[in-house]
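In what follows, a single structure is set out as structure tokens and then discussed.
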Number of protein chains: 2
Amino acid sequence: MTALQLFFKESHQLSQTDLSFIVNHFETISVDKGTVLIEPGTIVDSVYFIAEGLLHHFNHNQQGEKITLDLHDGPSFCTDIESFSEGKKSEDYCVALTDCTLYVLTKDKYDALINTDVKWSNIAKDIIEKNLIKMLDQVKDMSNKSIEQRYLELLKNKPLIIQNTSVADIASYLGTSRETLHRIRRKNILA
Amino acid sequence: MTALQLFFKESHQLSQTDLSFIVNHFETISVDKGTVLIEPGTIVDSVYFIAEGLLHHFNHNQQGEKITLDLHDGPSFCTDIESFSEGKKSEDYCVALTDCTLYVLTKDKYDALINTDVKWSNIAKDIIEKNLIKMLDQVKDMSNKSIEQRYLELLKNKPLIIQNTSVADIASYLGTSRETLHRIRRKNILA
DNA sequence: TTGTTAGTGTGTCATTTGACACAGTTGTTG
DNA sequence: CAACAACTGTGTCAAATGACACACTAACAA
């Protein structure tokens, strides 16, 4: 059973027939570290399911500084939903931090699923809802926790992300400078 | 036509029959300023559509300080989706900042709609998706814009929210102290 | 009306942070 | 291997921020 099948099976009751029907709409790809999946000015026409590897989702702020929006690991979905769903040009980058194995669902196949299969419509709703809850939790964390606390939790819960991402990129993800993050790291190595 | 009907009509193609069927699952209520709709320790069993008025969504951080998570105006939906959807106890408050007219959809009626009407399932997906995009934009704003810039945009786009919310609550929404927000306000009054 | 409570405006001051500068390290590529 | 680029670690310093304190005002209830 593939990582994708496992993901659907664990979150939803589905017969093997339904599972196969849905999964057959996806295509498997392997990409090298550094591969650009999304770049500004393009319309995102795919959803990516990460079976293996890490993706770096970022953009540039008004001062031209690179800002990390998300650091994705698997098993989970990744796309620029605003571009994918509303057909707008993306303003973001999504780049592979490591070699990755991905399952790709293109927009036409996504629409075909939505329109023909009520089960998929509900699964899509649940996946979007889980992502909404994740974002709400992230906003709460940003308001409620210190940068140090969030760094230490990231280190504990997602060590692979820390290992494969530069200090500067993690700093911008946490909303601080690389110098401040460095002070936190130094303090916690010595402690 | 009610604010709720108008909201659905503008975002989705629906026959008058479908529209009435869906809207009939809601109940209208009027609540006074200060009414508590959600409080910690309870399981949220309703979604609220704001036809008129403002709602204040907040919680307390680890230091016991009040943190504003969202300031809602209409026409839009408001709930604690994590509690409503996953049946967890809420950790948040939701309180009316002004007298409000609300349309309430209870969880059993929501489930009934999801299970009987494919159209509603897709509408729910779209509403959740729009909220996800809104949250993603908020996270981008928090990373990309200064507190001053975000305050001035709030003042311009949602003046009613500024008028009906205390400086301390707006400050915690913007992620700063009431003193710092006060400095920003003073500076921009004089300018 | 008066007392009480919540909120606003403001100054001072210690702390934290970001900006800048630069040396050392690692990794890549011809 | 040598050269270069990218990143890390670090110190200094000015600026921004939060904490604290307190007077003043508005809203509300007794």
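Note on naming: letters A, B, ... go to the chains in the order of the sequence lines (proteins, then strands), and numbering restarts at 1 for each one. Computed from heavy atoms alone, side chains included, the values below leave out hydrogens, waters and symmetry copies. Everything numeric here is computed off the predicted structure, so don't read it as measured data.
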Side chains of B:Glu65 and B:Asn61: any donor to acceptor distance under 3.5 Å? yes
Taking every heavy atom of A:Val167 against every heavy atom of A:Arg178, the minimum-distance pair comes out as CG1-O, 4.0 Å
Using whole Å, report how far CG of B:Asp169 lies from C1' of C:dA6. 12 Å
Proximal nucleotide (of D:dG11, D:dG9, D:dC20) relative to the A:Val167 side chain: D:dG9
Would you say a side-chain N or O of A:Thr176 is under 4.0 Å from OP1 or OP2 of C:dT17? no
Quick check on the 6.0 Å ring-centre criterion: do B:Phe49 and B:Phe7 meet it? yes
side-chain N/O B:His182 vs C:dT10 OP1/OP2, d < 4.0 Å: yes
Six-ring centre of A:Phe84, A:Lys107 cation under 6.0 angstrom, axis tolerance 45°: yes
Terminal axes of the helix from C:dT1-D:dA30 to C:dG30-D:dC1 (5 end pairs apiece), angle rounded to 10 degrees, sit apart by 50°
Below 4.0 Å: OP1/OP2 of D:dT17 and any side-chain N or O of B:Thr180: no
Are the ring centres of A:Tyr93 and A:His60 closer than 6.0 Å? yes
For a quick check, tell me whether the side chain of A:Arg183 and the base of C:dG18 share a donor-acceptor pair closer than 3.5 Å. yes
For the base of C:dG9, is there a side-chain donor-acceptor partner from B:Arg178 under 3.5 Å away? yes
Identify which nucleotide among D:dG11, D:dC20, C:dG9 has an atom closest to any side-chain atom of A:Arg186, counting heavy atoms from C-beta outward. D:dG11
A:Thr68 OG1 to A:Ile161 CD1 distance, which is reported to the nearest 0.5 Å: 10.5 Å
Counting just side-chain N and O atoms, does A:Arg185 come under 4.0 Å of either OP1 or OP2 of D:dT10? no
Rounded to whole angstrom units, what separation is found between the NE2 atom of B:His56 and the P atom of C:dA6? 16 Å
Which residue, A:Lys66 or B:Ile147, contacts DNA chain D at a nucleotide closer to its 5' end, judged by nearest heavy atom? A:Lys66
